[in-house]
Number of protein chains: 2
Amino acid sequence: MDDRLDAIFSALSDPTRRAILARLANGKATVAELADPFELSQPAISKHLKVLEQAGLIRSGREANSRPRVIEPAALKTIADWIADYRRFWDESFDRLDDYLTKVQGYEND
Amino acid sequence: MDDRLDAIFSALSDPTRRAILARLANGKATVAELADPFELSQPAISKHLKVLEQAGLIRSGREANSRPRVIEPAALKTIADWIADYRRFWDESFDRLDDYLTKVQGYEND
DNA sequence: TAGCTATATAGCCGAATGGATATATTCTTT
DNA sequence: AAAGAATATATCCATTCGGCTATATAGCTA
């Protein structure tokens, strides 16, 4: 589990990879489409995609000639959950809010 | 701003540094205290602390002979905010929840 | 002030990272 | 089947990273 966090945080530590992820937030895209905004070689982009995929942040599909990528929410949720443990440090009202929703509204939080 | 994210994600990609941060979530600690759980040299720990500090995740104090560290919530909030943009991918109810709080309870969300 | 304690810095080393170019692989199309 | 398109893999290179040992610095104590 620690290894997964390593891989996810490490993957996100690169601005190119975060930009790729941001692009994929708008939907499926091919490698060529993902590479387009950057002044990087195609292999460099493929490498970044491999890092993202091994971290579980994206998945590869197969469509005719191309291998479109889609975003994979689970990995992002993993680190969101990790950060949630620290949320009390900057958001005093978080715990009270959480209680309120659970008790009064019946919302469940993760 | 991108550089800040680089530094924060990169700092968090190491398990030793995440463990140090977890320890600091329980309150201020000296370098020696932080080093204790690990089988690493003291300089190695100092290096990790420097990385965390340069990422803005911790701060150094001065207390007699020692330089105690404390957690610094701002950096964690920075990446929590970054992740929040993707929350819709795994939490369908998030937007509705957000609306509900803003309208009915007057809570503000960043 | 001399020595002790706590921590930082310097320098070294091997492994990992991010980039490039060249080439291989896999479909699709003609 | 041959050519073209999309993408992956192999190498190579410079830089960064995480660890170590040795040493420096700063404050406390005798």
Side-chain angles (χ1 to χ4, degrees), chain A residues 2-24 27-72 75, chain B residues 2-24 27-72 75:
Chain A
D2 229 40
D3 297 347
R4 291 198 53 217
L5 285 173
D6 289 8
I8 298 169
F9 278 124
S10 180
L12 293 177
S13 73
D14 183 279
T16 301
R17 287 192 291 260
R18 287 196 308 275
I20 289 173
L21 215 58
R23 166 64 186 78
L24 287 176
K28 180 171 63 176
T30 67
V31 174
E33 287 166 349
L34 292 170
D36 194 55
F38 303 102
E39 294 191 334
L40 289 179
S41 65
Q42 171 265 311
I45 300 295
S46 280
K47 233 189 213 178
H48 281 305
L49 293 173
K50 194 169 202 173
V51 171
L52 287 168
E53 183 157 11
Q54 285 177 342
L57 286 158
I58 66 173
R59 276 198 345 252
S60 299
R62 167 63 83 170
E63 219 162 87
N65 210 5
S66 78
R67 280 154 237 201
R69 305 310 208 269
V70 290
I71 203 164
E72 183 66 81
Chain B
D2 228 40
D3 296 347
R4 289 198 54 217
L5 285 173
D6 288 8
I8 298 170
F9 278 124
S10 180
L12 293 177
S13 73
D14 182 278
T16 301
R17 288 193 289 261
R18 287 197 307 275
I20 288 173
L21 214 58
R23 166 66 186 78
L24 287 176
K28 181 171 62 177
T30 67
V31 175
E33 287 166 348
L34 292 170
D36 195 55
F38 303 101
E39 293 190 335
L40 289 180
S41 67
Q42 171 264 313
I45 299 294
S46 279
K47 233 188 214 179
H48 281 305
L49 293 173
K50 194 169 201 171
V51 172
L52 286 168
E53 183 158 11
Q54 285 178 341
L57 286 159
I58 66 173
R59 277 199 343 253
S60 300
R62 168 63 83 172
E63 220 163 85
N65 212 3
S66 79
R67 279 154 240 203
R69 304 310 206 270
V70 289
I71 204 165
E72 182 65 79

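Model, not experiment: these values are computed from the prediction. Letters go in sequence order (proteins before strands), and every chain restarts at 1.
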Novice: Which residues in residues 49-66 of chain B have a heavy atom closer than 4.0 Å to any atom of DNA chain C?
Specialist: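 The stretch gives K50(B), N65(B), S66(B) as the residues lying under 4.0 Å from the strand, ordered by number.
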Novice: L24(B) and side-chain contact (heavy atoms from CB on, under 4.5 Å): which partner among L57(B), L34(B), V70(B)?
Specialist: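 With L24(B) as partner, L57(B), L34(B), V70(B) yield a single side-chain contact (heavy atoms from CB on, under 4.5 Å), made by L34(B).
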Novice: What protein N or O atoms touch nucleotides 20-25 of chain C N or O atoms at under 3.5 angstrom, if any, and at what distances?
Specialist:
| unit_1 | atom_1 | unit_2 | atom_2 | d |
| --- | --- | --- | --- | --- |
| dA20(C) | OP2 | S41(A) | N | 3.0 |
| dA20(C) | OP2 | S41(A) | OG | 2.7 |

Novice: Checking K50(A) now: which residues fulfil salt bridge (charged side-chain N to carboxylate O under 4.0 Å, His left out) with it, not counting sequence neighbours?
Specialist: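 For K50(A), no residue satisfies salt bridge (charged side-chain N to carboxylate O under 4.0 Å, His left out) once neighbours in sequence are set aside.
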Novice: Check side chain to side chain donor-acceptor pair (under 3.5 Å) between D6(B) and all other residues, then give those that pass, not counting sequence neighbours.
Specialist: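 For D6(B), the residues satisfying side chain to side chain donor-acceptor pair (under 3.5 Å) (neighbours in sequence not counted) are R18(A).
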Novice: Using heavy atoms and a sub-4.0 Å distance, could you list which residues of residues 7-20 of chain B are near DNA chain C? By number, please.
Specialist: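 DNA chain C contact set from residues 7-20 of chain B: none.
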Novice: Output all residues satisfying salt bridge (charged side-chain N to carboxylate O under 4.0 Å, His left out) with R4(A), sequence neighbours left out; order by chain, then residue number.
Specialist: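 R4(A): no salt bridge (charged side-chain N to carboxylate O under 4.0 Å, His left out) contacts found.
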Novice: Partners of R23(A) by salt bridge (charged side-chain N to carboxylate O under 4.0 Å, His left out), sequence neighbours excluded?
Specialist: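 Partners of R23(A) under the salt bridge (charged side-chain N to carboxylate O under 4.0 Å, His left out) test: none.
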Novice: Tell me which of A32(B) and H48(A) sits closer to the 5' end of DNA chain C, going by the nucleotide each one is nearest to.
Specialist: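 So the residue in question is A32(B).
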Novice: Hey, what do you get for CD1 (I20(B)) to CD (E33(B)), rounding to the nearest 0.5 Å?
Specialist: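 Result: 12.5 Å between the selected atoms.
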Novice: Could you list the residues that satisfy side chain to side chain donor-acceptor pair (under 3.5 Å) with S60(B), not counting sequence neighbours?
Specialist: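 Partners of S60(B) by the side chain to side chain donor-acceptor pair (under 3.5 Å) criterion, ordered by chain and then number, come out as E53(B), R69(B).
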Novice: Output the distance between atom CG (L21(B)) and atom CD1 (I58(B)), rounded to the nearest 0.5 Å.
Specialist: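 Rounded to the nearest 0.5 Å, the CG-CD1 separation comes to 7.5 Å.
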Novice: Let me have the donor-acceptor pairs involving side chains of residues 10-17 of chain B, under 3.5 Å, with sequence neighbours excluded, atom names and distances please.
Specialist:
| unit_1 | atom_1 | unit_2 | atom_2 | d |
| --- | --- | --- | --- | --- |
| S13(B) | OG | S10(B) | O | 2.7 |
| D14(B) | OD1 | T16(B) | N | 2.8 |
| D14(B) | OD1 | R17(B) | N | 3.1 |
| R17(B) | NE | A11(B) | O | 2.7 |
| R17(B) | NH1 | H48(B) | ND1 | 3.2 |
| R17(B) | NH2 | S10(B) | O | 3.3 |

Novice: How close do A75(A) and A55(A) get, counting heavy atoms only, and between which atoms?
Specialist: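 Closest approach of A75(A) to A55(A): CB-O, 3.8 Å.
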Novice: Taking salt bridge (charged side-chain N to carboxylate O under 4.0 Å, His left out) as the test, write out the residues that go with E63(A), two or more places apart.
Specialist: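 In terms of salt bridge (charged side-chain N to carboxylate O under 4.0 Å, His left out), with neighbours along the sequence ignored, E63(A) is linked to K28(A).
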Novice: Can you give the first and last nucleotides of DNA chain D, 5' to 3', that have an atom under 4.0 Å from a heavy atom of chain A?
Specialist: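 Boundary nucleotides touching chain A, in 5' to 3' order, are dA5(D) to dT9(D).
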Novice: Could you tell me which residues satisfy side chain to side chain donor-acceptor pair (under 3.5 Å) with R67(A), sequence neighbours excluded, listed by chain and number?
Specialist: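 Checked R67(A) against side chain to side chain donor-acceptor pair (under 3.5 Å); zero matches.
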